[in-house]
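Please read the structure below before turning to the comments.
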There are 2 protein chains.
Amino acid sequence: MFSNSSKYAIKSVLFLAINSTENKKIMVKDISIPINVPKAYIAKLLQELAKKNMISSVRGPKGGFYLNEENLNRTVLDVVRVIDGEKKLNACMLSLKKCNEEKPCPLHNILSESRNKILKNLKNKRIKDLAYEVTLGNSFLPL
Amino acid sequence: MFSNSSKYAIKSVLFLAINSTENKKIMVKDISIPINVPKAYIAKLLQELAKKNMISSVRGPKGGFYLNEENLNRTVLDVVRVIDGEKKLNACMLSLKKCNEEKPCPLHNILSESRNKILKNLKNKRIKDLAYEVTLGNSFLPL
DNA sequence: TCTTAAATATGATTTTTATCATATTACTTC
DNA sequence: GAAGTAATATGATAAAAATCATATTTAAGA
Ligand code: FES
Ligand code: FES
């Protein structure tokens with residue numbers, strides 16, 4: 001479904017959504033451990049997310065990462081797109097040239113409806129929304 | 001979702017289901033081209049599928065691959081399991097230790113239902129069933 | 001303005017996945 | 001039973017993904 005990198009990216013963005021604010025920035029080393037991702041690896045991902053405006057960052061002392069209001073309104077799909085790219089999300093599950101209704105592969109009919117539903121959900125859920133669910137205790141964000 | 005190898009495996013099994021019988025075996029070179037997968041690569045996959053009894057084979061002249069009745073009754077999920085292994089199909093989408101309802105990750109609630117549906121469908125569809133759909137013209141198995 | 005703390009840029013290494021190549025074994029047919 | 005054909009076993013290479021490492025830049029505070 002997603003690459004490892006995308007999963008890590010989602011985890012870190014959610015972690016920031018829950019634990020950071022503009023006045024309470026968080027450093028890589030303090031993200032790496034709680035979300036259980038190697039420091040150097042997550043550092044690179046965070047840089048990429050920052051460059052694409054999915055998260056905010058300032059450097060130097062007192063610096064770190066955090067989410068501003070714009071960042072909080074991004075969707076999960078936005079995050080995945082930044083890391084994994086557009087293509088594979090709509091690709092045919094049997095790797096035909098393109099996935100479409102007119103000439104569906106044998107798996108299309110039994111998969112596409114569910115797949116579209118997942119896509120729709122990923123597109124509708126803002127980071128903010130997911131973070132809220134965690135604070136309510138409806139879902140969990142550990143290792 | 002699936003690895004490239006699994007996709008290729010599914011394609012080749014379906015191709016055999018549609019085009020082969022015990023009296024009409026098919027050689028790698030005659031599978032490779034129509035399903036658009038490199039010969040040496042698909043050869044290796046076919047060997048693995050044969051070893052795990054997902055397809056049938058005989059070697060020597062007049063040899064090749066085909067599906068017997070048992071093979072035709074395998075499910076798509078069986079094929080995927082043989083190639084990709086069990087684990088990743090039920091893994092948490094955010095790579096938590098395990099995916100479960102008691103301690104769901106933030107994505108669990110918006111994904112698991114669809115995912116389970118896909119799994120169920122893959123488990124219920126026999127190779128035979130999918131091949132039949134293709135012969136009816138309801139789905140297509142080209143490149 | 002100097003020192004220090006943090007992200008950023010860049011790229012090297014490792015691991016996994018995908019791909020390619022070939023010698024060996026088994027089955028047919030003559 | 002010899003010759004030829006096709007799968008099988010085995011392993012090498014290439015490409016991509018994941019992981020690690022470090023020099024550079026920016027900002028804060030003394
Ligand atoms: S055509 Fe294959 S998944 Fe749509
Ligand atoms: S707990 Fe993450 S997908 Fe189920």
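Letters A, B, ... are given to chains in the order of the sequence lines, protein chains preceding strands, and every chain is numbered from 1.
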Given the rule that I, L, V, M, F, W and Y join up when any side-chain heavy atoms are under 4.5 Å apart, are L141(A) and Y132(A) in one cluster? no
Rounding to an integer number of Å, can you tell me how far Y66(B) OH sits from dA6(D) P? 16 Å
Return the value, rounded to whole Å, for the distance between atom CG of N4(B) and atom P of dA17(D). 10 Å
What integer distance in Å separates I42(A):CD1 from dA18(D):P? 12 Å
Whole-Å gap separating P (dT8(C)) and NZ (K51(A)): 9 Å
State plainly whether the residues E70(B) and R74(B) are in salt-bridge range, i.e. N to O under 4.0 Å. yes
Counting side-chain heavy atoms from C-beta on, which of dT4(C), dT19(C), dT25(C) comes nearest to P61(A)? dT4(C)
Between Y41(A) and S5(A), does a side-chain hydrogen bond (donor to acceptor under 3.5 Å, both in side chains) hold up when you go through it step by step? CA-CA 9 Å; Y41(A) 192 7; S5(A) 292; 2.5 Å; yes
May I have the distance from Q47(B) (atom CD) to dA21(C) (atom C1'), rounded to whole angstrom? 12 Å
I83(A) atom CD1 is separated from dA17(D) atom P, nearest whole Å, by 13 Å
Among the nucleotides dA7(D), dT25(D), dA21(D), whichever has the atom closest to the side chain of R59(A) is dT25(D)
Closest to the side chain of K44(A), out of dG11(D), dA6(C), dA12(C), is dA12(C)
Would you indicate which nucleotide in dA7(C), dA9(D), dA28(D) comes nearest to any side-chain atom of K62(A)? dA28(D)
Assess K25(A) against Y66(A): is NZ or CZ under 6.0 Å from the centre of the six-membered ring, and within 45 degrees of the ring's axis? yes
The side chain of K29(A) is closest to which nucleotide in this list: dA6(C), dA18(D), dA9(D)? dA6(C)
For a quick test of reading the model: is some side-chain N or O of S5(B) closer than 4.0 Å to OP1 or OP2 of dA18(C)? yes
Taken to the nearest whole Å, CD/E48(A) to C1'/dA9(C) is 12 Å
Can you find a pair of side-chain heavy atoms, one from L130(B) and one from S139(B), that are under 4.5 Å apart? no
For a quick test of reading the model: is some side-chain N or O of Y8(A) closer than 4.0 Å to OP1 or OP2 of dT19(D)? yes
Considering only heavy side-chain atoms of Y41(B), the closest of dT19(C), dA7(C), dT8(D) is dT19(C)
With a 4.0 Å cutoff (strictly under), does any side-chain N or O of S57(A) reach OP1 or OP2 of dT8(C)? yes
By nearest nucleotide on DNA chain C, pick out whichever of P38(B) and G63(A) is the more 5' one. G63(A)
CE of M27(B) versus P of dT8(D): gap in Å, rounded? 14 Å
5'-most contact on DNA chain D (nearest-nucleotide basis), K88(A) vs V28(B), goes to V28(B)
